[in-house]
Amino acid sequence: MDYQFKDIEKKWQQFWADHQTFKAEDKTAKPKYYVLDMFPYPSGAGLHVGHPLGYIASDIFARYKRLKGFNVLHPMGYDSFGLPAEQYAIQTGQHPAITTETNIATYRRQLDQIGFSFDWSREVRTSSPDYYKWTQWIFMQLFNSWYNKDADKAESIAKLVEHFEQNGSVGINAVCDDEILSFTADEWKAKSHNEQQSELLKYRLTYLRESTVNWCPALGTVLANDEVKDGFSERGGFPVEQKKMMQWSMRITAYADRLLKGLDTIDWPEPLKEMQRNWIGKSVGASVKFRIEASPRPSPKEREAVKVLSFGEDLGEAIEVFTTRADTIFGTTFLVLAPEHELVASLTTPEQKGAIDAYIAQAKKKSELERMADAKTVSGAFTGSFAINPVSGEKVQIWIADYVLAGYGTGAVMAVPSGDQRDYLFAKYYNLPIIPIIDIQNIETEADPTKEGHYINSGFINGLTYKEATAAVVAKLEELGAGKAKVNFRMRDAIFGRQRYWGEPVPVYFKDGLPYLIDEKDLPLVLPEVDKYLPTESGEPPLARATGWNYIASPKSSPKERTLKRDEANSLSFGEGRGEAYPYEHSTMPGWAGSSWYWYRYMDAHNDAAFASEEAIEYWKDVDLYIGGSEHATGHLLYSRFWNKFLKDIGKVVEEEPFKKLINQGMIQGRSNFIYRIVSRINIPNIHPDAVSISHTFVSYDIVKKIWNNELLQVQLDELLNAYDRNYNISFDINHLQFQQNHVPVEFVDNDILDIDKWRKWRGDDIEADADFIGNFNGKFVCSWEVEKMSKSKFNVVNPDELIERYGADTLRMYEMFLGPLEQSKPWNTNGIEGVFKFLRKFWRMFHNDAWDFKVSADEPTKAELKSLHKIIRKVEEDVERFSFNTSVSSFMIAVNELTDLKCNKRAILQDLVIVLSPYAPHICEELWTLLGNEAGTLSYVPYPKFNPAYMVEDEYAYPISINGKTKMNLNISLSLDPPAIEAFVLANADVQKYLDHKSPKKVIVVKGRIVNIVL
RNA sequence: GCUCAGAUGGUGGAACUGGUAGACACGCAGGACUUAAAAUCCUGUUCCCGUAAACGGAGUGCGGGUUCGAUUCCCGCUCUGAGUACCA
């Protein structure tokens, strides 16, 4: 039989499913290997051809590792909470769970037909209560923990309370809120329960705090920093504004240093590590206090604010700044505060109030975007107040300007115009002094941030170098109590609440305005039913619509019963027989909650008693290979590392880093095709000088190009214009000939040649169906192409289903790999797929005679055949280990071409070849494997053939002979010869002598087994 | 602006530690088979000069350098893509 890929692929997919061929074992003597894909959000659009790229690569790797004797865990699941399903619910009223279910079914069908070796028995869905029970559980552990800086790890809140009871707040070095209280043990014990709880909240790793959030009115929710791009929401592109809100946050900043250090221990792409480093944004510097002079009498409230900022009581009111260049402190000629800085009002003198107020008003109006676009314009206002430089005693002006950001550092900077370009521009613009502080500094036209040279105009550090000066200044500041060395991070705590329905409920209820965890045995806290998926009229999140959705302490019924039977819960009156009812938290968790630990669930997907058993975690440990897109660099991949480190701290997992090796597959871009329509400008005097007539005539792109380049012969041009005139009876000037570029669906285009009939059919009744197509001189109609994002509106989406229908999954798998290096972004182009399909047919034919009967010979293989086989055995091994899948596809083609030329149909060769190819094209290989007489389904676990170098040994090598580095000819020389013998042999050759032309060579380079180079 | 990645035929790409640049495939051109088309097979295909071959010259974004020899290493630049930003 000819290669019947449809039957073969269906048969084996069914076989694998029926026999659970790829079920990973939990206990085995084999070494473990965990290959993970970033699980998809099941969107309604289904998979396009770009999605499976990474899955195919990881599947090849997983299958290869099985052949290499590993116990491979290769699971798949769905990140099934998310915005699109909810938005669809808002529009249609359909429950997101139903939408999600439908989409998952589509995804599963599409994934199944590509022939992945996933262990589906371990499937996870983040939106399933069995799963999010544990997401909620992890949240509870975070709530019950604080970060002990001395131990450099998270510890339980109980331990903190113990310390407070014994020693008060003394001796606690925690990552916590800024406004913590100081108290003794007795004072702590004297506090009310509510006071204690409210203080503890300042330490918890997940906490409730009023914070400035990215509020997206259009989506009605809060967004994380990484979900906002240039002031607009990443999803939907709606404007985002800053708003103060009570929000759940995650104290990820506690882990900033460990997240940074851990990057050095993992095998990830360097650009991605760099992105995380930038995101964490560690800067080492110093914080410095500038005492305020002659400030107007502050109000008590402002005085309080000042106190918080200062750390040396004796200095009175001060402004704290952060600088990475403490050494430049003598060059400070003014201070700049962010317009939002809390001291601005108290610093403003009556004379300056008008200017300051006007500036603040103007700054407020500017959106984030305008502020960025405006980066070059200098603007600011003088407060009228002065501050004292703590080391020089100089009096400097205090200004406000929006180039200083409220959210970074302390929201205030010491301006050193000689060393900082922004300060320099500001000083020039407002005529403020600029003092050079380093002898070699050149500040004629711009700031010079050099660290070379020696200090001048700098008091006690004059003459010192950068390193010495920095140390001296910091020491002096500490001595004066006016500053200290400080490390600042750009990273902020992660906002954890979303005003959304389709997410994990937060397992928290409120009592006296304070949050408390629900009882662990009441997990999962199931998402309640609501009548509508919109916020309430008062702006509460959708969960506030769930009537009677309250936590009832000490219930009699089981938690499941209680949360599922909403009607029953509704009928409960407050406190009725079952304890008090308290309102639950109404916001839900963000999209990244469920994906921040899912790789552990695969290890033990059905465990009711833990997120995964200790034994399972001890065995599988971490992910050996993780493949996914780089778009998750600062989101998922950072949060996952954070949760992993936390879980390690509390002793629940064994590895500090979750993903040992990570590979980013490149993005598959779209490749759009265009056709060109004649548009001619009709000059109707006095009425519409720029009127354009849009014709229904299209011109082949190669002709269009020639017209643009004036390359068309007059005869050809006449012919073209005649065709046009014939149809429209308009004669026009060639100078008025213009073209309009139109997208054309890529499925009507083959190698950039348009199938006009398909196009007409597609246009249907439209008048365009009768359009004229002026082809090229070969009668073909050529389209142009461009790389764009793959999208429906650009008609360039290629669906894997159609390709599988035409060529089969094995061809699709190999073609996706053949396209180019895995990590490189590239446009999808179906043009080359025929070549891969032909290869598989050729491969199939090797096992069959001319009548398509299966026929292999039992003869001993020849040396040449063995050489071909062992070449590919080694090549695939090397390529897979370095994730160079495209090159092994080429090598397979070479091997099959060679063996076909040798007319090889020997079992001894073909059987091994089947094993080597099976990770790439599993279906055809399974079929041939059974045809060869092996037991069905055993192919996935047979040992990978052993490479034998003996078959590669050659006696002779065709040495390239080059003269002055240019190859002229090849000479067959025995490999047993030594360089001097080779040299003699080559120089004795008559052809070589011809090139030498009686000259004697200056030098002869012989590299054994490589090359001979004669220098003349 | 900064950081990172990249630039090789008409196209996708190969050349792994400096050693025959363009493997493999697409496309294109020509041919065989066929009434014809599809499918299949064969030949050619970096560019230039030579009507064909031999032969010769140029050639991996640009300009230099190191080397017997550079797509590969070094210096300077151009362009493309990605990320990021008044981060003090």
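We name chains A, B, ... by the order of the sequence lines, and we start the count at 1 in each one.
Applying the Watson-Crick and G-U wobble criteria (two distances, each under 3.5 Å), B:C73 pairs with B:G65. Pair check for B:C79 finds B:G6; Watson-Crick or G-U wobble, both atom distances under 3.5 Å. Nucleotide B:A88 has no partner under the Watson-Crick or G-U criteria, as no pair reaches both atom distances under 3.5 Å. With a cut-off of 3.5 Å on both Watson-Crick or G-U wobble distances, the partner of B:U45 is given as B:G27. The base-pairing partner of B:C16, taking Watson-Crick or G-U wobble contacts with both distances under 3.5 Å, does not exist among the strands shown. Of the nucleotides present, none pairs with B:G50 by Watson-Crick or G-U wobble criteria with both distances under 3.5 Å. Nucleotide B:U40 forms a pair with B:A32, judged by Watson-Crick or G-U wobble geometry with both contacts under 3.5 Å.
Residue A:Tyr408 places at least one side-chain N or O under 4.0 Å from the OP1 or OP2 atom of B:A88. Taking 4.0 angstrom as the limit, A:Asn886 places a side-chain polar atom (N or O) nearer than this to OP1 or OP2 of B:A14. In terms of phosphate contacts, A:Gln824 brings no side-chain nitrogen or oxygen within less than 4.0 Å of OP1 or OP2 of B:G81. OP1 and OP2 of B:G12 both lie 4.0 Å or more from every side-chain N or O belonging to A:Lys826. Residue A:Lys1008 places no side-chain N or O under 4.0 Å from the OP1 or OP2 atom of B:G19. Taking 4.0 angstrom as the limit, A:Asn897 places a side-chain polar atom (N or O) nearer than this to OP1 or OP2 of B:A25. A close approach under 4.0 Å does not occur between any side-chain nitrogen or oxygen of A:Arg874 and OP1 or OP2 of B:C16.
Residues A:Lys875 and A:Arg1010 each lie close to RNA chain B; by heavy-atom proximity, the contact nearer the 5' end of the strand is made by A:Lys875.
No side-chain donor from either of A:Lys282 and A:Asn488 sits under 3.5 Å from a side-chain acceptor of the other.
In terms of modelled atom types and a separation under 3.5 Å, the side chain of A:Lys1002 and the main chain of A:Ile1014 share no donor-acceptor contact.
Ring-plane geometry between A:Phe883 and A:Phe885 is classed as perpendicular, the angle between the planes exceeding 60 degrees on a 0 to 90 degree scale with a lower cut at 30. Using bins of under 30°, 30° to 60° and over 60° for the plane-to-plane angle, the ring pair A:Tyr430/A:Trp399 lands in the tilted bin.
More than 90° away from 0 lies the glycosidic angle of B:G13, which makes this nucleotide anti.
With respect to the salt-bridge test (charged N to carboxylate O, under 4.0 angstrom), the residues A:Lys758 and A:Glu747 do not qualify.
If you check distances only, the side chain of A:Asn1013 does reach the base of B:C68 with a donor-acceptor pair under 3.5 Å.
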